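What follows is a set of notes on a single structure, which appears directly below.
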2 protein chains.
Amino acid sequence: MEAAAEVLARKGFAGSRLSDIAEVAEVQAPAIYYYFQSRESLIEAVVMEGTRNATIHVEQVLAELSDADPVTRLLAAIEGHLRVALQGSSFTLASIRNSGQLPEDIRARQHNEEVKYGRIWRELVNEVAAAGLLREELNPAAAQMLIIGAMNWAPEWWGPKVAPLEDVIATAKALVAGGLLNAEKGQR
Amino acid sequence: MEAAAEVLARKGFAGSRLSDIAEVAEVQAPAIYYYFQSRESLIEAVVMEGTRNATIHVEQVLAELSDADPVTRLLAAIEGHLRVALQGSSFTLASIRNSGQLPEDIRARQHNEEVKYGRIWRELVNEVAAAGLLREELNPAAAQMLIIGAMNWAPEWWGPKVAPLEDVIATAKALVAGGLLNAEKGQR
DNA sequence: CTTCTATTCTAAGCACGAGTAGAAACCGGC
DNA sequence: GCCGGTTTCTACTCGTGCTTAGAATAGAAG
């Protein structure tokens, strides 16, 4: 599964050859069928594991901050998500990069896990809103997804050479907290 | 090419069968070879067109605001990018969704176009910074990519039912301008 | 040393998708 | 109505990737 995750994260669902996976795992392709019924069931397992990974990791971070203020919790979740996506398991990376390109049947089951994960974020946003800290110009659902999107896209461009991971995390937090701009807000 | 863009946006590079494209275009697969030398060259053409589309569109928006203040320009660019990605050509959608999964040779050429597009955004961020409006906590490069990422990920979740396009645009602008939070900033 | 189970292998089958060859159809100009 | 070029078609080849069959290997237990 680790091998599959790696290949899947790199080449995507349709681009991942069973033989590539086998090579990474240092076995012959048919050996895979001892553990999985089919290519698809292997991939499904990997992708599921990936989102569950992210869910568990972020939940854990939040559990440690169960009585912190909503903003702190939200920013901690951002840090958690970014760490998993950029440094953590290639399982999560595989989920992120393939969520859009899975066949219908897998996608349906995978969607449940994603909804579960999404709930965590909705909850966070709700907490912030309940504390009266959410700006009213924002559509909460859109804001949530834009934030998750900013993080999910990060694997596409991030590398240690572009910017230190800590910088990315700090920037993401700052962006969410206070936006790009300084004093005057030049909205329209 | 339009058919190819549509299929490509939906199924990704490796998942796009020439026969699918032909079907959408209402021809038989070999007819494609009258216009393109190979599957890859077709896809390359589509993906190129896609990023050029986005570039041109955003450049045009900015040209109309050539003497506006930097913030207005940046926010207009955000609106432009989102409109192209969510409503506009499936060409751009195809580029966005496949940038990560193209074979090396295409990717190299495609990368140039992307760099060109990225320059526009760097320029915008620089303008903002030059006006002294950029918060210093931010790593500009990371901030730029996070913002682009938020928008590029939008096609993964957005649909007219989730939120009106105008809401998404407004939310994205507001997020970039002033972040999620209201009065107190609960950073750490 | 033998036997049983777990695991992996080699060899082959089968389907499918890219690409080619060459024939047909279409169409504007004569 | 015929001719030229353009465009698309049908029929085929060839490689590749998933999957199955059945044999081989590796240990553990007796």
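None of the values given here were measured: they were computed from a predicted structure.
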Specify the separation, in whole Å, of atom [atom1] of [X] and atom [atom2] of [N].
{"X": "A:Glu26", "N": "C:dC9", "atom1": "CD", "atom2": "P", "value": "11 Å"}
{"X": "B:Gln28", "N": "C:dG19", "atom1": "CD", "atom2": "P", "value": "17 Å"}
{"X": "B:Asp20", "N": "C:dA18", "atom1": "CG", "atom2": "C1'", "value": "13 Å"}
{"X": "B:Ile32", "N": "D:dT10", "atom1": "CD1", "atom2": "P", "value": "14 Å"}
{"X": "B:Phe36", "N": "D:dT8", "atom1": "CZ", "atom2": "P", "value": "12 Å"}
{"X": "A:Tyr33", "N": "C:dA11", "atom1": "OH", "atom2": "C1'", "value": "16 Å"}
{"X": "A:Gln37", "N": "D:dC18", "atom1": "CD", "atom2": "C1'", "value": "14 Å"}
{"X": "B:Phe13", "N": "C:dG17", "atom1": "CZ", "atom2": "C1'", "value": "13 Å"}

[X], nearest nucleotide to its side chain (from [options]):
{"X": "A:Arg39", "options": "D:dT19, D:dC9, C:dA18", "result": "D:dT19"}
{"X": "A:Ala31", "options": "C:dA21, C:dA11, C:dT8", "result": "C:dT8"}
{"X": "A:Leu18", "options": "D:dC18, C:dT10, C:dA18", "result": "D:dC18"}

Test: A:Arg83 and A:Glu166 ion pair at under 4.0 Å:
yes

Measuring to OP1 and OP2 of C:dT8, would you say a side-chain N or O of A:Tyr35 lies under 4.0 angstrom away?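 Answer is yes, contact under 4.0 Å.
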
- prompt: When you check the phosphate oxygens OP1 and OP2 of C:dT8, does a side-chain N or O of A:Tyr34 lie under 4.0 Å from one of them?
  reply: no

State, to 0.1 Å, how close B:Ala94 and B:Leu8 come at their nearest heavy-atom pair, and which atoms those are.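 Reported closest heavy-atom pair: CB-CB, 4.0 Å.
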
| said: For a quick test of reading the model, state the closest non-hydrogen atom pair linking B:Val84 to B:Ala54 and the distance between them. | reply: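 Between these two residues, the closest heavy atoms are CG1-CA, 4.3 Å.
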
Fill in: Co-membership, hydrophobic cluster, residues B:Val176 and B:Val128, 4.5 Å side-chain
yes

